[in-house]
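Residue numbers start from 1 in every chain, and the chains themselves are labelled A, B, ... in the order their sequence lines are given, proteins ahead of strands. Every heavy atom of this structure was used, including side-chain atoms; hydrogens, water molecules and symmetry mates were not. Keep in mind the model is a prediction, meaning the values are calculated, not measured.
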Protein chains: 2
Amino acid sequence: MATAPEGTGRQRDPERTRAEILDEATSEFADRGFAGARVDEIAARTRTTKRMLYYYFGSKQGLYLAVLERAYVGIRALERDLEVAHLNPAKAVRAVAELTFDHHEAHPDFIRLVAIENIHHAEHLRTSPVLSGLAGPAVDVLDGILARGREAGLFRDDADALDVHMMISAFCVFRLSNRHTFAAIFGRDLLEPVRREHYRRMVGDLVVEYLTAHVGHS
Amino acid sequence: MATAPEGTGRQRDPERTRAEILDEATSEFADRGFAGARVDEIAARTRTTKRMLYYYFGSKQGLYLAVLERAYVGIRALERDLEVAHLNPAKAVRAVAELTFDHHEAHPDFIRLVAIENIHHAEHLRTSPVLSGLAGPAVDVLDGILARGREAGLFRDDADALDVHMMISAFCVFRLSNRHTFAAIFGRDLLEPVRREHYRRMVGDLVVEYLTAHVGHS
DNA sequence: CTTGTTATGTACCGTATGGTTAGTTGTACC
DNA sequence: GGTACAACTAACCATACGGTACATAACAAG
């Protein structure tokens with residue numbers, strides 16, 4: 001039986017080596033894109049050599065895919081565990097919006113990887129079995145909230161869960177992914193801490209006001 | 001005096017050569033990113049050779065910058081010429097939102113270049129004299145509309161022109177820039193023609209409902 | 001202690017790629 | 001029709017880069 005490899009006692013530790021490679025690869029890919037990332041550079045930043053990188057992941061593309069998969073799994077777990085049944089529909093969508101807002105802000109590398117993957121027409125994402133069928137949680141939660149809101153006569157009925165998810169993502173993603181060109185042109189850093197609460201309230205307001213607009217009127 | 005180089009009569013035509021290089025470079029850079037783009041590939045797609053590319057633009061980076069500058073100039077001209085003085089504030093913001101929506105949809109390459117530039121932390125954009133001070137038109141127009149809306153007691157006063165511009169851009173940019181990962185995960189193509197009008201109305205509603213929310217109430 | 005296997009390090013390779021050197025030809029002007 | 005310059009071509013170069021061949025050392029099991 002294998003004694004669990006813990007701490008720093010071992011000289012050989014595949015788990016740790018793998019994780020270390022993934023960590024450095026994540027930051028290199030997020031920083032320079034797929035083509036711009038350098039395999040030698042990733043290897044140099046770990047305690048191992050380039051050889052190990054190919055030993056575990058086969059190719060640059062294989063490593064990139066592994067990085068992408070690990071990054072995507074995180075956010076879905078969060079969404080799945082969000083508990084909103086006890087909130088009224090308006091507060092519930094706001095909670096979803098703020099969860100997205102907080103997660104994206106806390107994981108800029110994830111956002112960058114998504115941007116990079118889009119430049120490549122999501123060709124890696126599309127062919128990864130791990131990443132197919134990730135849609136579940138986020139959409140289901142929103143679907144439930146919208147249904148409740150419509151039944152109560154609070155929400156408009158011409159927007160579905162995917163539309164709302166898209167609205168929220170658009171706002172939260174843009175704030176990170178377009179931060180640099182926005183700052184360069186308009187001179188405002190969208191991530192400045194002083195403005196954080198303002199924008200956090202803004203996503204919530206945005207989606208709630210949109211959903212409750214004119215319901216009951218004309 | 002130079003007889004204006006027109007038509008196809010000439011064997012040598014610097015203007016045409018330059019433009020042709022820029023066209024092909026735009027699509028190559030937009031398609032593969034800066035590092036992924038191949039200088040040889042760009043040259044092969046033009047009627048000239050790689051040497052000309054260096055003759056006119058000096059380096060791969062110089063060419064990329066020229067591409068970026070040309071792409072950015074277009075949209076600002078549009079915004080500057082938008083006439084909204086005769087519209088009431090709500091209709092005016094909606095017009096701005098729809099102009100952005102239409103432009104982005106018509107120029108996917110521009111959106112892709114912006115995404116790529118953001119991956120590079122906007123380092124090229126920041127150092128380009130041509131691209132500094134491009135903020136003007138879009139913000140001024142929105143600023144005027146918001147002022148009118150607030151004076152008339154129609155609009156809330158806790159969002160400025162940049163905030164609104166950001167909201168609109170976020171929505172319109174996301175629809176294009178994140179099209180592929182969104183489709184891969186959720187199975188919905190945000191650019192499907194059937195949904196076009198739905199989304200176009202959605203940006204307008206979004207920003208108008210947000211701005212007019214609760215004004216005059218509680 | 002031996003042995004098979006997994007993990008790891010060193011040194012190297014072929015080629016794709018950005019960039020250049022050197023020379024050639026069309027065009028305007030006199 | 002000669003001349004000077006801008007526009008253009010072809011062949012070449014150095015090296016950065018993804019990837020590999022080969023050797024070896026740590027570990028678990030008997």
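If you measure from atom CD of A:Glu28 to atom C1' of D:dG18, you get 14 Å, rounded to the nearest angstrom. Regarding B:Ile42, its CD1 atom lies at a distance of 11 Å from the C1' atom of C:dG18, rounded to whole Å. Atom CZ of B:Arg32 and atom C1' of C:dA16 are 13 Å apart (whole Å). Here the P atom of nucleotide C:dT8 and the CD atom of A:Glu20 are 10 Å apart, to the nearest Å. Across the protein-nucleic acid pair, B:Lys60 atom NZ and C:dG19 atom P stand 8 Å apart, rounded to whole Å. Atom CG in A:Leu53 sits about 14 Å away from atom C1' in C:dG9, given to the nearest Å. For the pair A:Tyr64 OH and D:dG18 C1', the interatomic distance rounds to 17 Å; values are reported in whole Å. Here the P atom of nucleotide D:dG18 and the CZ atom of A:Phe57 are 16 Å apart, to the nearest Å.
A:Arg188 and B:Asp163 are joined by a salt bridge, as a carboxylate oxygen and a charged side-chain nitrogen come within less than 4.0 angstrom of each other. Note on A:Glu98 versus A:Arg200: salt bridge recorded, some NZ/NE/NH1/NH2 to OD/OE distance being below 4.0 Å.
Each of A:Gly58 and A:Arg38 lies near DNA chain D, and the nucleotide nearest A:Arg38 is the one positioned closer to the 5' end.
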TODO: Indicate for each nucleotide in nucleotides 4-14 of chain D, in 5' to 3' sequence, whether protein heavy atoms under 4.0 Å reach the base (B), only the sugar-phosphate (S), or nothing (-).
DONE: --BBBBB----
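Residue-level contact check: B:Ala37 touches the backbone only, with heavy atoms under 4.0 Å from sugar-phosphate atoms and none from bases.
Listed for the A:Glu117 side chain is no donor-acceptor partner under 3.5 Å among the backbone atoms of B:Thr181. The closest donor-acceptor contact from the side chain of B:Arg195 to the backbone of B:Leu190 lies at 3.5 Å or more, if one exists at all.
Using modelled atom types, one finds no donor on one side chain facing an acceptor on the other under 3.5 Å when comparing B:Tyr199 with B:Glu192.
Taking CZ of A:Arg94 as the start and CG of A:Leu87 as the end, the distance is 11.5 Å to the nearest 0.5 Å.
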